[in-house]
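Below, all heavy atoms of this structure are taken into account, side chains as well, without hydrogens, waters or symmetry copies.
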Amino acid sequence: MKKHFLLLVLALGSIASLQAQSIFEQKNDPYFGESCTSIMVAKGATTDGSVITSHTCDGRYRTWLSIEKGQTFDNDTTTPVFKGKLRTETPWDMRKVEQVGTIPQAKQTFSFLNTAYPCLNEKQLAIGETTFVGPEELVNEDGMFLIEELERIALERCSTARDAIRLIGELIEEYGYGDWGECITIADKKEVWQMEIVGEGPDKIGGVWAAQRIPDGHVGISANISRIGEIDFKDKDHFMASKNVKSAAKKLGRWDGKEPFKFWKAYGDTEKPFKIREYFILNALAPSLNLDFEADEIPFSVKPDKKVSVQDVMALYRETYANTEYDMTQNLMVTKKKYNDNKEEIGVDTIKSPVANPWMGRGERNLYNQLKEGSVEFQRTVAVSWCSYSEIIQLRDWLPDEIGGIAWFSFDNPGQSPRVPIYSGATELPESFNFCGQKRYREDAAIWQYRKANKLATLAWQSTKDDFLKEVAYFEEKGQTETKELEARIEKLISEGKQEEAKELLNRYTKDFAGATMLRWKELEDMYWARFGLGF
């Protein structure tokens with residue numbers, strides 16, 4: 001058994017190579033430019049009236065998370081700005097972390113959920129993230145801010161999406177932007193925006209950005225491609241942009257000043273503003289539009305054919321295009337003989353190979369294609385095996401802030417792992433959430449409580465998936481049912497002025513829910529070793 005487990009751990013280590021600290025060396029990562037998916041659902045498009053943003057953190061990023069508590073500060077204090085925190089092993093791990101500067105501290109900061117890319121604060125401000133890379137010539141490492149630090153500062157200081165966009169724009173202008181092309185999806189209780197940012201080139205440390213609001217009643221997606229097109233500068237209700245958005249493009253020779261200015265065309269470094277994920281998600285939510293995958297452009301956002309629930313978004317994050325023309329396993333068929341009760345052969349079935357799965361590595365795909373050319377055509381699925389964590393965040397203006405914001409959080413592959421509810425009013429997380437499991441196997445890291453069963457199930461996915469996904473569905477339904485009762489209890493406590501009791505109950509619920517999922521995934525792991533211990 002130990003030998004089998006060691007082999008499994010060694011295999012998992014090859015899922016994604018470690019990214020180097022220098023942002024230019026990120027290109028050595030096999031998934032650079034293919035990491036992260038953010039789906040947005042605006043008010044009026046959801047079944048319950050909430051606003052949704054979300055994020056898959058795909059790649060070998062840190063998986064520890066914490067609640068950073070809000071504080072008050074004296075005048076004339078500063079706060080440090082760092083680079084290198086995306087791959088630390090614990091909240092207190094400062095190896096290879098560099099302080100690159102300071103900025104004036106706010107008099108008061110809000111508490112926030114500190115994921116690798118910070119995502120939710122106590123005022124129901126939420127942020128998703130996806131890298132679209134952009135042209136290398138625009139990157140200037142001398143800029144102070146990387147995207148994760150801009151997100152942190154915004155969550156510490158802002159309560160609305162518009163304020164966050166303005167603050168981020170001001171910080172970029174004053175202190176510089178040192179990252180690749182990034183999109184952050186910023187949502188509050190009323191609206192959700194898509195903000196895209198690039199550097200200004202080697203001669204300036206500043207940056208260039210544009211933001212477009214997902215209209216009420218619409219859904220949008222950002223998946224590693226710049227999506228913002230023409231900017232209506234007069235429509236301040238739906239567009240915001242840096243002052244240099246057009247002049248920088250012209251100066252850098254990325255726009256001739258004559259053809260219609262499109263942000264994605266000037267700064268996206270791509271032939272068109274969508275690929276498979278953008279097309280698939282928008283087409284799935286609005287099939288009546290008959291979107292064309294071969295088109296030069298598809299809409300920035302769409303009105304879904306029917307209202308979208310948070311469960312719908314969860315399902316989209318499990319998407320691997322099964323039973324569609326983009327299904328990577330569609331050609332992996334084998335024959336299976338059929339027998340009667342007397343063990344007499346009575347026919348032959350053609351079935352999908354038990355080991356066919358949508359998360360095949362490059363070596364496995366190459367082997368299939370070597371045996372038979374064209375067996376597997378790679379598609380970038382929404383759910384990927386190299387995901388560090390993901391969250392789907394609901395923001396609800398009819399509830400107190402303590403329970404209005406809820407992050408449905410999962411570790412590892414979003415196509416397999418259960419989602420744990422973390423509220424905007426939470427002040428503590430389970431102890432195992434303090435430890436990252438990306439650098440090495442460690443029992444105390446939460447991600448490994450899920451990853452072991454997930455990977456074992458993957459190796460015989462056609463025989464495990466139905467029962468496995470029933471477990472995911474069980475906890476999804478459990479969360480949707482129980483949180484309604486919990487929220488009613490919390491709302492009552494808050495109305496009675498019992499804030500501390502309310503927070504204690506929120507913290508306990510998240511810990512208990514996480515513990516229940518970990519226990520069940522441990523049982524699944526043991527069950528799979530018993531079933532497949534002699535081979536898959």
Side-chain angles (χ1 to χ4, degrees), residues 37-56 110 112-113 115 117-130 151 154-155 158-168 183-196 211-223 227-228 237-240 281-282 285-286 299-304 306-317 390-409 419 421-426 479-480 483-484 487 491:
T37 306
S38 292
I39 299 171
M40 298 152 281
V41 190
K43 204 172 187 64
T46 53
T47 54
D48 61 357
S50 62
V51 177
I52 296 175
T53 189
S54 48
H55 173 216
T56 62
F110 302 127
F112 67 95
L113 181 55
T115 43
Y117 294 92
C119 64
L120 174 66
N121 76 6
E122 65 178 287
K123 296 297 181 181
Q124 297 197 62
L125 178 69
I127 304 178
E129 179 274 345
T130 169
E151 293 180 58
L155 289 172
C158 301
S159 58
T160 71
R162 292 175 190 244
D163 284 347
I165 293 168
R166 281 189 284 265
L167 174 61
I168 289 170
C183 171
I184 47 178
T185 58
I186 311 177
D188 58 32
K189 294 176 281 188
K190 300 294 184 183
E191 54 192 27
V192 56
W193 290 71
Q194 184 161 323
M195 182 182 189
E196 298 180 355
Q212 183 170 350
R213 181 162 74 90
I214 306 298
D216 288 344
H218 275 225
V219 295
I221 176 173
S222 175
R227 299 269 294 130
I228 295 176
D237 193 38
H238 289 89
F239 294 92
M240 302 170 71
I281 297 298
L282 295 182
L285 294 174
F300 174 75
S301 63
V302 301
K303 182 177 181 180
K306 60 180 182 179
K307 296 291 182 71
V308 179
S309 69
V310 69
Q311 295 100 311
D312 293 330
V313 180
M314 291 178 182
L316 290 171
Y317 271 113
S390 65
E391 78 266 345
I392 298 165
I393 303 177
Q394 284 181 283
L395 308 165
R396 302 169 292 180
D397 62 2
W398 64 91
L399 291 171
D401 284 338
E402 290 87 343
I403 52 174
I406 180 170
W408 295 98
F409 187 91
R419 293 194 174 275
I422 304 174
Y423 282 92
S424 46
Q480 295 300 314
T483 52
K484 290 180 175 60
E487 289 161 9
E491 194 165 14

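For the residue pair P304 and A286, the shortest heavy atom distance occurs at CA-CB, 4.3 Å. R227 and P299 make their closest contact through NH2-O, 2.8 Å (heavy atoms, listed as atom of the first residue, atom of the second, distance). Contact between V41 and A45 at its shortest, heavy atoms only, is CG1-CB, 3.7 Å. Of all heavy-atom pairs between A42 and V192, the closest is CA-CG1, 3.9 Å. The two residues L120 and A126 have their closest heavy-atom pair at CD1-CB, 4.1 Å.
Counting heavy atoms from C-beta on, the side chains of K307 and T46 never come closer than 4.5 Å. Looking at heavy atoms from C-beta onward, V219 lies out of side-chain contact with M40 at the 4.5 angstrom threshold. M314 has its side chain within reach of R419: a pair of non-hydrogen atoms, C-beta onward, lies under 4.5 Å apart. The shortest distance between side-chain heavy atoms of V51 and K189 does not fall below 4.5 Å. Contact of the I393 side chain with the I52 side chain is not registered, since no non-hydrogen atoms from C-beta on lie closer than 4.5 Å. Side-chain contact between Y423 and E487 is present, with heavy atoms from C-beta onward closer than 4.5 Å. Counting heavy atoms from C-beta on, the side chains of Y317 and T37 come closer than 4.5 Å. Between V308 and T47 the shortest side-chain heavy-atom distance does not fall below 4.5 Å.
The closest donor-acceptor contact from the side chain of N121 to the backbone of Q124 lies under 3.5 Å. Although no hydrogens or angles enter the test, the distance criterion places no donor-acceptor pair under 3.5 Å between the side chain of D188 and the main chain of L125. Not one N or O on the side chain of T53 forms a donor-acceptor pair closer than 3.5 Å with the backbone of I127. Using modelled atom types, no side-chain atom of S222 and backbone atom of T130 make a donor-acceptor pair closer than 3.5 Å. Between the side chain of E151 and the backbone N or O of C119 there is no donor-acceptor pair closer than 3.5 Å. Proximity of a side-chain donor or acceptor of S424 to a complementary backbone N or O of E122 within less than 3.5 Å is not detected.
Note: I392 CD1 to T56 OG1 = 9.5 Å, rounded to the nearest 0.5 Å. Taking CH2 of W408 as the start and CD1 of I422 as the end, the distance is 10.5 Å to the nearest 0.5 Å. The line from CD of Q194 to CD of Q212 is 7.5 Å long, rounded to the nearest 0.5 Å. Atom CD of residue E129 and atom OG1 of residue T115 lie 10.0 Å apart, to the nearest 0.5 angstrom. Atom CZ of F300 sits about 5.0 Å away from atom CD1 of I228, to the nearest 0.5 Å. Distance check, rounded to the nearest 0.5 Å: CD1 of I221 to OG of S54 gives 8.5 Å.
Residues forming a side-chain contact (heavy atoms from CB on, under 4.5 Å) with P215 (at least two apart in sequence, or on another chain): H218, H238, S301. Annotation: ring pair (Phe, Tyr, Trp, His ring centres under 6.0 Å) contacts of F409 (sequence neighbours excluded): Y389, F411.
The residues D48 and R396 are annotated as not salt-bridged, no charged nitrogen and carboxylate oxygen being separated by less than 4.0 angstrom. Taking a cutoff of 4.0 Å between a charged side-chain nitrogen and a carboxylate oxygen, D237 and R162 qualify as a salt bridge.
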* Asked: Given W193 and I214, is the side chain to side chain contact (heavy atoms under 4.5 Å, CB included) satisfied, shown in steps?
  -> CA-CA 6 Å; W193 290 71; I214 306 298; over 6 Å; no

* Would V310 and Q480 satisfy side chain to side chain contact (heavy atoms under 4.5 Å, CB included), going step by step from the backbone distance to the final call? -> CA-CA 9 Å; V310 69; Q480 295 300 314; 3.6 Å; yes

* **Audit row: E402, E491, side chain to side chain contact (heavy atoms under 4.5 Å, CB included) steps and yes/no** => CA-CA 9 Å; E402 290 87 343; E491 194 165 14; over 6 Å; no

* Walk me through it: do I186 and I168 pass the test side chain to side chain contact (heavy atoms under 4.5 Å, CB included)? => CA-CA 11 Å; I186 311 177; I168 289 170; 4.2 Å; yes

